[in-house]
Amino acid sequence: MPNFIEQMVGAKKEYWAHQERIRALPEDYRFVMGKIQQYIWGFASGDGTDMLRVQDGLIDLFETSAAEGRFVLDLTGEDVAAFCNDLLREAKLWTDDYRERLNRDIMKKLGRKEPPL
């Protein structure tokens with residue numbers, strides 16, 4: 001139990017450190033980052049460490065891009081949702097649990113039976 005609590009405290013500290021970095025971004029980057037956070041955190045699974053990892057990499061990317069003077073949509077493209085979906089490809093999502101349960105339950109019941117003629 002103490003290890004779990006330490007992990008949670010560490011994750012909260014990391015999250016708040018991310019928020020500080022986001023506040024230092026130019027206004028357009030902050031706006032887009034806020035919208036992206038709302039989107040990606042809606043898919044978070046478990047303790048959210050996957051989302052923290054995604055968010056950390058995105059902040060790095062935004063900081064570099066902003067320092068280079070690039071427009072934020074030049075980085076994300078105009079389909080920001082598609083950009084987010086690409087970010088989430090490697091993250092564990094809450095929908096993964098449902099997908100796994102659906103397939104497991106069907107295979108448990110039906111297995112690889114031949115279809116009826």
Side-chain angles (χ1 to χ4, degrees):
M1 184 69 154
N3 190 29
F4 174 74
I5 293 170
E6 289 172 10
Q7 288 175 340
M8 292 305 294
V9 168
K12 280 189 171 222
K13 286 181 181 178
E14 184 177 358
Y15 177 82
W16 290 113
H18 286 172
Q19 298 312 304
E20 285 295 317
R21 291 172 62 197
I22 292 167
R23 280 192 281 279
L25 291 169
E27 182 180 351
D28 56 343
Y29 278 84
R30 282 193 315 268
F31 175 77
V32 172
M33 186 66 196
K35 293 297 188 182
I36 289 174
Q37 282 180 303
Q38 288 174 350
Y39 185 84
I40 67 173
W41 280 95
F43 293 99
S45 178
D47 62 6
T49 55
D50 279 355
M51 289 306 144
L52 285 175
R53 183 181 45 78
V54 168
Q55 184 171 279
D56 189 50
L58 182 58
I59 296 168
D60 288 344
L61 187 62
F62 274 24
E63 287 171 336
T64 300
S65 183
E68 293 171 353
R70 295 178 63 193
F71 181 54
V72 66
L73 293 182
D74 290 342
L75 180 65
T76 63
E78 290 187 16
D79 188 349
V80 180
F83 175 81
C84 292
N85 291 340
D86 286 342
L87 290 174
L88 294 173
R89 288 185 194 272
E90 300 300 318
K92 178 126 175 83
L93 310 177
W94 67 267
T95 55
D96 293 342
D97 295 334
Y98 290 107
R99 184 179 309 112
E100 290 168 12
R101 187 178 321 136
L102 170 68
N103 289 330
R104 183 187 63 238
D105 290 349
I106 289 172
M107 294 310 291
K108 184 177 175 183
K109 174 73 176 172
L110 302 177
R112 293 249 181 218
K113 295 180 182 177
E114 294 296 318
L117 297 175

Let's go through Phe83 and Leu58 carefully: what are the C-alpha distance in whole Å and the side-chain angles of both, what is the deciding distance for side-chain contact (heavy atoms from CB on, under 4.5 Å) to 0.1 Å, and is it a yes or a no?
CA-CA 11 Å; Phe83 175 81; Leu58 182 58; 3.7 Å; yes
Residue pair Arg53, Asp56: steps toward the salt bridge (Lys or Arg N to Asp or Glu O under 4.0 Å) verdict
CA-CA 5 Å; Arg53 183 181 45 78; Asp56 189 50; over 6 Å; no
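- Residue Leu88 holds its CG atom at 9.5 Å from CG of Asp50, rounded to the nearest 0.5 Å.
- One finds a salt bridge joining Asp86 and Arg89 here, because a Lys/Arg side-chain nitrogen approaches an Asp/Glu carboxylate oxygen to under 4.0 Å.
- Among residues two or more places apart in sequence or in another chain, the side-chain contact (heavy atoms from CB on, under 4.5 Å) test is passed with Arg99 by Thr95, Asp96, Asn103.
- Among residues two or more places apart in sequence or in another chain, the side-chain contact (heavy atoms from CB on, under 4.5 Å) test is passed with Leu102 by Ile106.
- Contact detail for Ile40 and Met51: the closest heavy-atom pair is O-SD, 3.5 Å.
- Every residue two or more places apart in sequence or in another chain was checked for a side-chain hydrogen bond (donor to acceptor under 3.5 Å, both in side chains) with Arg101, and none qualifies.
- By the neighbour-count criterion of 12 heavy atoms within 6.0 Å, atom CD of Glu100 is densely surrounded, having more than that number from other residues, nucleotides or ligands.
- Note: Leu61 CG to Leu75 CG = 4.5 Å, rounded to the nearest 0.5 Å.
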I'd like a table of donor-acceptor pairs (distance under 3.5 Å, sequence neighbours excluded) in which one partner is a side-chain atom from residues 63-73, with atom names and distances.
from: Glu63; atom 1: OE1; to: Arg21; atom 2: NH2; distance (Å): 2.8
from: Glu63; atom 1: OE2; to: Arg21; atom 2: NE; distance (Å): 3.0
from: Thr64; atom 1: OG1; to: Asp60; atom 2: O; distance (Å): 3.0
from: Ser65; atom 1: OG; to: Tyr29; atom 2: OH; distance (Å): 2.7

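- In this structure, Trp41 and Tyr15 have perpendicular ring planes: the angle between them is above 60°, well past the 30° mark.
- Of all heavy-atom pairs spanning Ala91 and Val54, the tightest one is CB-CG2, 4.1 Å.
- Nearest heavy-atom pair across Arg30 and Ile22 is CG-O, 3.0 Å.
- For residues 72-84, no residue pair satisfies the salt bridge (Lys or Arg N to Asp or Glu O under 4.0 Å) rule, not counting sequence neighbours.
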Could you list the donor-acceptor pairs under 3.5 angstrom formed by side chains in residues 32-39, with sequence neighbours left out?
from: Gln37; atom 1: NE2; to: Gln55; atom 2: OE1; distance (Å): 2.8
from: Tyr39; atom 1: OH; to: Asn85; atom 2: OD1; distance (Å): 2.8

